[in-house]
2 protein chains.
Amino acid sequence: MQLAEAKLKFIETWGKLGSEWGINRTMAQVHALLLITPDALTTEEVMEQLKISRGNANMTLRDLINWGLIEKQHRAGERKEYFYAQKDTWEIARRVAEERKKRELDPVLKVLGELSAIEGDMKDPAFKTFKTSVTDMHKLTKNINRTLDTMLKAEENWFWGSIFKIFK
Amino acid sequence: MQLAEAKLKFIETWGKLGSEWGINRTMAQVHALLLITPDALTTEEVMEQLKISRGNANMTLRDLINWGLIEKQHRAGERKEYFYAQKDTWEIARRVAEERKKRELDPVLKVLGELSAIEGDMKDPAFKTFKTSVTDMHKLTKNINRTLDTMLKAEENWFWGSIFKIFK
DNA sequence: TTAAACTTTCAAATATTATTGAAAATATAT
DNA sequence: ATATATTTTCAATAATATTTGAAAGTTTAA
């Protein structure tokens, strides 16, 4: 397989995975492109390589910056902006986990907390089942949240080094 | 807040979380409904409560069965099928993780393995960056996969009991 | 068998989400 | 200031995903 072909395959694969994990396909593809490109690229170059419109490229690049996955670079004497990807994978995983936790898990946690606080008659099966399920789901979500928090605080070596040994 | 209102809120919240995590909204809602309902429900009852069509209810219930999240119940002398949810949250988390791993992570792992095996000239920056990034992503994905595998094999108590203490 | 009860299928309709492209806004050099 | 390069916005459009509903299929009882 040639490099050019392999690049396309990587971009496609990463894009698919992204779309299955709530990161839109184009965003994951642009990220993949920047990951495998040695130097920073302009909006123009991203548009060309992925065959997407200017508007799409602009918005996607901004989103990636907001997720903390890529950064802007300014070059002396040049007017356009260059973009390059953070290439440390542990940092990428952290950023994605952090962002999704903030956007999705935290709000749900809040609602579940409210719902599991509701009072009622435990002798009523309808209430009892509701209460139990909601409380259990709340616990599960809190556990997942806690695990993510711990991971987010962890340093790379500590994480990959010790946790995975324990998980062995 | 009344029970009826709380139920709706739970169904809505769980549905939203589901849709953000690649499980379609209706599927997550039907699951939520069955979770908080003491007795098994018929297709008809699910249709009524969530105001969805027969076709949709049928397909969604089948999907939930395929994910291992709900089961059918047959009642003596009755012709229709009843559905009820597995209520053990740890088991729910396991099933979802297992299913998504199988559907999404495993295929990606295969492609990344192929791509990171490609040979080339490490003095060429284009090749070097490609190789390094793909290999790193492969490692990251393998690590995530390994963690999931370990979790899937773990028993509830062992998992929540010891791992989270370590994660403290 | 036949018929009623129930389940499944799937093409068409609807809803949701992503993308385009051209105009407006902004920044920079002269 | 003015022209030019570059970025941003967003209504219109396109692509994708979900839902409907009615017809076809299946099962069971008599």
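All chains are named by letter (A, B, ...) in the order of the sequence lines, taking the proteins before the strands, and each is independently numbered beginning at 1.
- At most 12 heavy atoms of other shown residues, nucleotides or ligands fall within 6.0 angstrom of atom NZ in B:Lys9.
- A:Asn24 comes within 4.0 angstrom of the backbone, heavy atoms only, and of no base.
- Across C:dA18, D:dT9, D:dT6, the shortest atom-to-atom separation from the side chain of A:Arg79 is found for D:dT6.
- For the pair A:Glu81 and B:Ile52, nearest-nucleotide mapping onto DNA chain D gives the more 5' position to A:Glu81.
- The distance from atom CZ of B:Arg54 to atom P of D:dG25 is 18 Å, rounded to the nearest whole Å.
- Side-chain contact between B:Lys87 and B:Leu35 is present, with heavy atoms from C-beta onward closer than 4.5 Å.
- Checking D:dT9, C:dA18, D:dG21 against the side-chain heavy atoms of A:Asn58 singles out D:dT9 as nearest.
- Atom-to-atom, CG of A:Asn56 to P of D:dT8 comes out at 14 Å; the value is rounded to the nearest Å.
- Between the side chains of A:Trp21 and B:Glu104, at least one donor N or O sits under 3.5 Å from an acceptor N or O.
- Across all strands, B:Glu44 comes closer than 4.0 Å to no nucleic acid atom at all (heavy-atom distances).
- Comparing C:dT8, D:dT7, D:dT19 against the side chain of A:Lys80 picks out D:dT7 as the nearest.
- Straight-line distance from the CG atom of B:Asp63 to the P atom of D:dT18: 10 Å, rounded to whole Å.
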